[in-house]
Each structure stands twice: as C-alpha cells, then as structure tokens.
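What's counted below: heavy atoms across the whole structure, side chains too, no hydrogens, waters or symmetry copies.
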Amino acid sequence: MRFVPPSREMLAETLLAAGPSAETLCDGWECRHLAAHLVLREHHALAAGIAGGPLEKPMMRLLDKWADEARSIPGYQRLVERFAAGPGSFSPFAIGRVERAANLTEFFVHTEDIRRAHERWAPRVLDREYSERLWSALTRVSSLLYRGVDVGVILVRPDGKRHVAKKANTSVAITGEPSELLMHGSGRRDHALVTFEGTDDAVALLSDVSVSR
C-alpha cells in the first residue's frame, strides 16, 4: 500500500504542473481528459464502461462533459483535487487490496503519459522496491497486454531476470527496466526505453500493441 498514495500524489502534481490543455500519450486526450478519466473510474458507476459494452458511450459522454468543464484553470484544479483526495468510501477502490492491484501501475503509466508527451524527458530514478512491485504487477498481466500480437514475448530485466509473457514458435526478447517494460506492454512503445532481440519481422509484429487507458 505504501507506494500507491505517493504515486497518486505524484500524478496529481504532474497533472497540475502540466495544465488542462497539455498533451498526453493517450490518443486524443489532453490532461483534462486524463484527469476526468481518473476521477470517473473511482467515483462513478459508469466507469464500468472502460471494459466496453453498453456503458461505454454514456461513460465517454460524461468524461467529455467533465473534461469540458475543466478547460478553465479553476475547473481543472477542482477535478485534480478530487482525484488527489482518493476514492469515496463506497468505491471498490477504497478497499486496500483493490486499490493496490488497480492503481499501482495505473498511476505510474499515466504519470509517464504526461511526462513523456513532450520531446525533452528523462526516466525517473525509482526506488528499488517500487521497481520490484511494478515488475510483479507487470508479470501478472503481461499475457493480457501482449495477447494481440502474433509473436512470442520474453520480458528481460538488465539483471538477467526474465518472464515469458507469451509463447510462440518465434519470439522477441524485450529488455529494459521494469518501468520501461511496463510502458511498452501498455502500448507506449515509442516512448519506452527498451531494446529488442529477434528477427526484424518478429519485432515488427510488436507494433500491434495498442495504447490502453
């Protein structure tokens, strides 16, 4: 639990520093849209639309409405402050284990979605235990992250530790720090500091990884 509250604080500070109209790595979203998404997923039943289905369109209408209201600096600040305050007492995210499972990687990736949307950025130096937690979270969901590619994927850390995310006759080894592997697995492939080992054709197949929100 110790890493989620400071990650929330870091994300809120990054949102405020960037401003409502700053670009993000999420296609078509400015920071105000990202802030609306973060609040909606913790405070509204329509957040179930994130998984698609009949609630997706009404969810997006509400998200766009909140994002439009956050065009002004005061409106944006209120939205970010609501996110920073955390989930309501009746939200599933108020349960510690749910928040840990759902928000550890969510907050890291979205912080980087803001930081890396501009030309000049540098990777953060992360606490070793925090990095290990990101690695653990990544390996649990890696098969889902790479389910849409037609090639095997092996995630490799600089210390040599590796994890098979997907098995296939032809595979690509992706090497990087856990945080960078997480960014690649989340679809931020052009903004992840990783290297590849495999045939050119196999590496090209990884371009099918899409950006998740």
Side-chain angles (χ1 to χ4, degrees), residues 1-118 121 124 130 133-134 137-138 141 144-145 179 182-183 185-188 191 210-213:
M1 187 66 179
R2 59 178 284 227
F3 294 109
V4 175
S7 296
R8 182 187 295 275
E9 183 178 353
M10 175 70 177
L11 178 49
E13 290 175 353
T14 304
L15 283 164
L16 287 175
S21 299
E23 294 181 356
T24 74
L25 297 185
C26 297
D27 291 343
W29 277 10
E30 297 176 351
C31 280
R32 58 195 175 90
H33 298 90
L34 181 52
H37 160 74
L38 291 165
V39 172
L40 193 153
R41 69 187 284 273
E42 291 188 328
H43 291 273
H44 204 287
L46 283 178
I50 292 173
L55 293 181
E56 183 176 11
K57 288 185 178 180
M59 179 197 71
M60 291 306 301
R61 286 196 294 269
L62 179 60
L63 188 151
D64 289 340
K65 176 178 180 292
W66 286 0
D68 190 60
E69 293 171 350
R71 287 181 182 276
S72 68
I73 294 299
Y76 181 66
Q77 288 178 334
R78 286 193 296 271
L79 191 62
V80 175
E81 287 169 0
R82 189 177 181 189
F83 162 68
S89 57
F90 295 104
S91 169
F93 292 95
I95 302 171
R97 59 184 174 81
V98 174
E99 185 176 33
R100 286 192 298 273
N103 285 341
L104 181 70
T105 58
E106 176 87 2
F107 291 171
F108 175 81
V109 169
H110 283 322
T111 298
E112 296 304 306
D113 281 339
I114 303 166
R115 297 182 67 252
R116 303 187 186 200
H118 308 283
W121 63 270
R124 287 184 281 160
Y130 181 37
R133 295 290 181 87
L134 292 177
L138 170 62
V141 300
L144 293 175
L145 296 178
S179 55
L182 175 61
M183 291 298 289
S186 299
R188 282 71 176 174
H191 299 84
S210 60
V211 174
S212 62
R213 291 171 173 172

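- Here the closest non-hydrogen pair linking L55 and A48 is CD1-CB, 3.8 Å.
- Every residue was checked against the ring pair (Phe, Tyr, Trp, His ring centres under 6.0 Å) condition with F93, not counting sequence neighbours, and none meets it.
- Residues P20 and A70 share a closest heavy-atom pair of CB-O, 3.4 Å.
- You'll find the side chain of P87 reaches within 4.5 Å of the side chain of E99, heavy atoms only.
- Counting all heavy atoms, side chain and backbone alike, H191 lies closest to R116 at O-NH1, 2.7 Å.
- Atom OH of Y76 sits about 10.0 Å away from atom CD of E30, to the nearest 0.5 Å.
- The distance from atom CD of Q77 to atom OG of S72, rounded to the nearest 0.5 Å, is 8.5 Å.
- Listed for the H118 side chain is no donor-acceptor partner under 3.5 Å among the backbone atoms of T24.
- A ring-centre distance under 6.0 Å is found for H37 and W29.
- Although no hydrogens or angles enter the test, the distance criterion places a donor-acceptor pair under 3.5 Å between the side chain of R188 and the main chain of S186.
- The closest side-chain heavy-atom distance from R82 to H43 is below 4.5 Å.
- In terms of heavy-atom proximity, A36 sits nearest to A67 at CB-N, 4.1 Å.
- With sequence neighbours excluded, the residues satisfying salt bridge (Lys or Arg N to Asp or Glu O under 4.0 Å) with K65 are E69.
- Proximity of C31 to H110: side-chain heavy atoms (C-beta onward) are nowhere separated by under 4.5 Å.
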Going through the checks in order, is the side chain to side chain contact (heavy atoms under 4.5 Å, CB included) test met by I114 and L15?
CA-CA 7 Å; I114 303 166; L15 283 164; 3.4 Å; yes
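- Legend: residues meeting salt bridge (Lys or Arg N to Asp or Glu O under 4.0 Å) with R61, ordered by chain and number and at least two apart, are absent.
- Taking CG of L40 as the start and NE2 of H33 as the end, the distance is 12.5 Å to the nearest 0.5 Å.
- Considering OG1 of T14 and CD of E9, their distance stands at 10.0 Å, rounded to 0.5 Å.
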Mind running side chain to side chain contact (heavy atoms under 4.5 Å, CB included) on L38 and R8 for me, showing each step along the way?
CA-CA 10 Å; L38 291 165; R8 182 187 295 275; over 6 Å; no
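- Between atom NZ of residue K57 and atom CG of residue L46 there is a gap of 14.5 Å, rounded to the nearest 0.5 Å.
- Distance alone, capped at 3.5 Å, is enough to place a donor-acceptor pair between the S91 side chain and the E42 backbone.
- Surrounding CZ of R124 are more than 12 heavy atoms belonging to other residues, nucleotides or ligands, all under 6.0 Å away.
- Atom CD of E23 has 12 or fewer heavy atoms from other residues, nucleotides or ligands within 6.0 Å.
- Considering every non-hydrogen atom in both A35 and V80, the closest pair reads CB-CG2, 4.2 Å.
- Residue F107 comes nearest to L11 through the heavy atom pair CD2-CD2, 3.8 Å, listed as atom of the first residue, atom of the second, then distance.
- With respect to E112 and R115, a salt bridge is recorded, a charged nitrogen being found less than 4.0 Å from a carboxylate O.
- Note that the NE2 atom of H44 and the CG atom of L62 stand 5.0 Å from one another [nearest 0.5 Å].
- Between V39 and R78 there is no side-chain heavy-atom pair separated by less than 4.5 Å.
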I would like to know whether Y130 and S7 meet side chain to side chain contact (heavy atoms under 4.5 Å, CB included); could you show each step before the answer?
CA-CA 10 Å; Y130 181 37; S7 296; 3.4 Å; yes
